[in-house]
Amino acid sequence: MVSGSGFYRGEPLSPLPYFSIALPGNLRQLNAHVTRTPQEVDASALPTSNRHPRGLHTLFFTEMWERFSYYGMRAILVLFMVDSVRGGMGLTDQTATAIYGLYTAAVYLAALPGGWLADRLFGARKAVWYGGIIIALGHFTLAIPGTQTFYLGLVLVVAGTGLLKPNVSAMVGGLYPEGGARRDAGFTIFYMGINLGAALGPLVCSTLGEKVNWHYGFGAAGVGMVAGLLQYRLTERHLGTAGVRDNQTPLNGAYRSALIIAACLILLVLILAFTGLIKINPVSLARSTTLIIAGIALVYFASLFLFFSLDKTEKKRVAVIVVLFIASALFWAGFEQSGSSFNLFADRFTQRVFANFEIPAGWFQSLGPVMIISFAPIAASLWVRLAARNLEPSLPLKFALGLILLAAGFGAMALASQFVAAGRKVWPTWLVTTYLLHTFGELCLSPVGLSSVTKLAPQRLVGQLMGTWFLATSLGNLIAGLLAGEMKTDKLNEMPGQYMKMVWLPLITGVVLILLVKPIKKLMAGVR
């Protein structure tokens, strides 16, 4: 690949075309085809269409409908929580965005145990099926009015996504045991399904949720997941043996005990929360979880240097991973404002009425996927052309460009908020500009992030460092929710200054990375 490669839970696979993993915030999460190797099939024995296994169609539509449900629900999540007029929860912005941050962070973290369970218990095939059922139940639970059903629905969607997301990607790799360009093209097609679902979901769910009833929007997300499950079951035969584990390793006593204890603890907390015996403050929980995740990363990286007997070159490369971890968390903390503070800005301060039709605020959530589909191939071609002339930006420079483009997007929001502070609504072009700049930033940073870890990490620690890398995305989502809660939309004169604060940190970090390009490249010790 030009500047990145795909993974299955830490194990490098054949490189993918750059644009095939340049996803909307959606999956960098598992931008990595994170899996070990499920039992791979003899692709040559499977029926093909346009030289691809027919099973690719099955996985394409499964993933498309799962992303439809996930992004459709996410587009109205914060809007529903802050609404106090049309049957929403009437929460404050700070509480709603903290819950949003906890939810999106949990989705990323759940992929790690979801992959482990598939490895040890179900196999990828069953994990996708069970995960899809749990996701659908979660959305239908959200469709039932009630505080308890709302939180239970979120927990179910998180659990189901953790099972389905990493393992459906695993099976795509299993369809192409020969690797090479055919597998690359297969993943490119697969990721078009991701982007298509992520673009369509907000259009449907926001229209129903904002114009009819919030719970209809949540229900539509569930219907989408059911559609994905039905076609998965009806066409599953085309998958051959991909994702099936004939010789599953039974859990030993320690693993089984740990799994039972963890399940019991989670069940106990849920029971106590739903019965009201314990009260959970989402803002405090988000802050505490942020500190815990940051602490885990700090302790792990420190232990690598102190206790893992790394040689001099390995220590240098791990130091680069630490720098990129911080930059990545910072990027996603800004980028993930799309579903929280930007969503509220679209709802409250953007002119959305045209020709007597009010554009649902959630429709803006479709901009990212549409822009990725439009511009990722152009970015891929650009990197290829630059590489041919030995002009392709280095890894730290790409991260720096991503952060500077993120800052530029917030600069646009700071300018737009000056008009809002003057008592006027702004044209949608401001949000479109911001999303465009952030998409360009994502194309610079996201596709190379996971790839850099597999190249820089000591081979014996690739899996561990991949797991730690996902903490950066999770941490960024948590911080994003907390930052969104600090936006004082009731004090409009303060809004431009608040957005400017979100300009300076990524801008300064990006400039520092540019200044440190040469030292960082030396620490990379030959890795490109």
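Every heavy atom of this structure was used, including side-chain atoms; hydrogens, water molecules and symmetry mates were not. FYI, the numbering just counts along the sequence from 1.
A cation-pi contact links Lys211 to Phe357, judged by a cut-off of 6.0 Å to the six-membered ring centre and 45° from its axis.
Residues passing the salt bridge (Lys or Arg N to Asp or Glu O under 4.0 Å) test with Asp83, sequence neighbours excluded: none. Remark: Leu208 pairs with Val204, Val212, Tyr216, Ala220 by the side-chain contact (heavy atoms from CB on, under 4.5 Å) rule, at least two apart or across chains. With sequence neighbours left out, Leu515 forms a side-chain contact (heavy atoms from CB on, under 4.5 Å) with Val511. Partners of Phe364 under the ring-ring contact (aromatic ring centres under 6.0 Å, His included) rule, at least two apart in sequence or in another chain, do not exist in this structure. Arg86 is linked by a salt bridge (Lys or Arg N to Asp or Glu O under 4.0 Å) to nothing, counting only residues two or more places apart in sequence or in another chain.
Within the model, atoms CH2 of Trp430 and CD of Gln351 stand 15.5 Å from one another, a figure rounded to the nearest 0.5 Å.
The minimum heavy-atom distance linking Leu109 with Ser474 is given by the pair CG-OG, 3.3 Å. In terms of heavy-atom proximity, Ala111 sits nearest to Pro166 at O-CG, 3.6 Å. Residues Arg74 and Thr104 come closest through the heavy atom pair CD-CG2, 4.1 Å. Across every non-hydrogen atom of Ala361 and Arg352, the tightest pair is N-NH1, 3.4 Å. Closest heavy-atom contact between His438 and Phe331: O-CZ, 4.1 Å. When all heavy atoms of Met73 and Ala221 are compared, the pair lying nearest together is CB-CB, 4.2 Å.
If you look at Phe410 and Phe342, their ring centroids are closer than 6.0 Å.
Under the 3.5 Å distance criterion, the side-chain polar atoms of Ser69 are left unmatched by any main-chain donor or acceptor of Met225.
Contacts classified as side-chain hydrogen bond (donor to acceptor under 3.5 Å, both in side chains) and involving residues 401-427 (residues at least two apart or in different chains) are not found.
Note on ring orientation: taking the six-membered ring where Trp is involved, the planes of Phe80 and Phe150 are tilted (angle from 30° to 60°). Note: Trp65 and Phe68 have perpendicular aromatic rings, judged against thresholds of 30 and 60 degrees for the angle between ring planes.
By the 4.5 Å heavy-atom criterion applied to side chains, Arg287 and Leu478 are not counted as neighbours.
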Fill in: Test log, rule side chain to side chain contact (heavy atoms under 4.5 Å, CB included), inputs Val283 and Thr92
CA-CA 11 Å; Val283 178; Thr92 65; over 6 Å; no

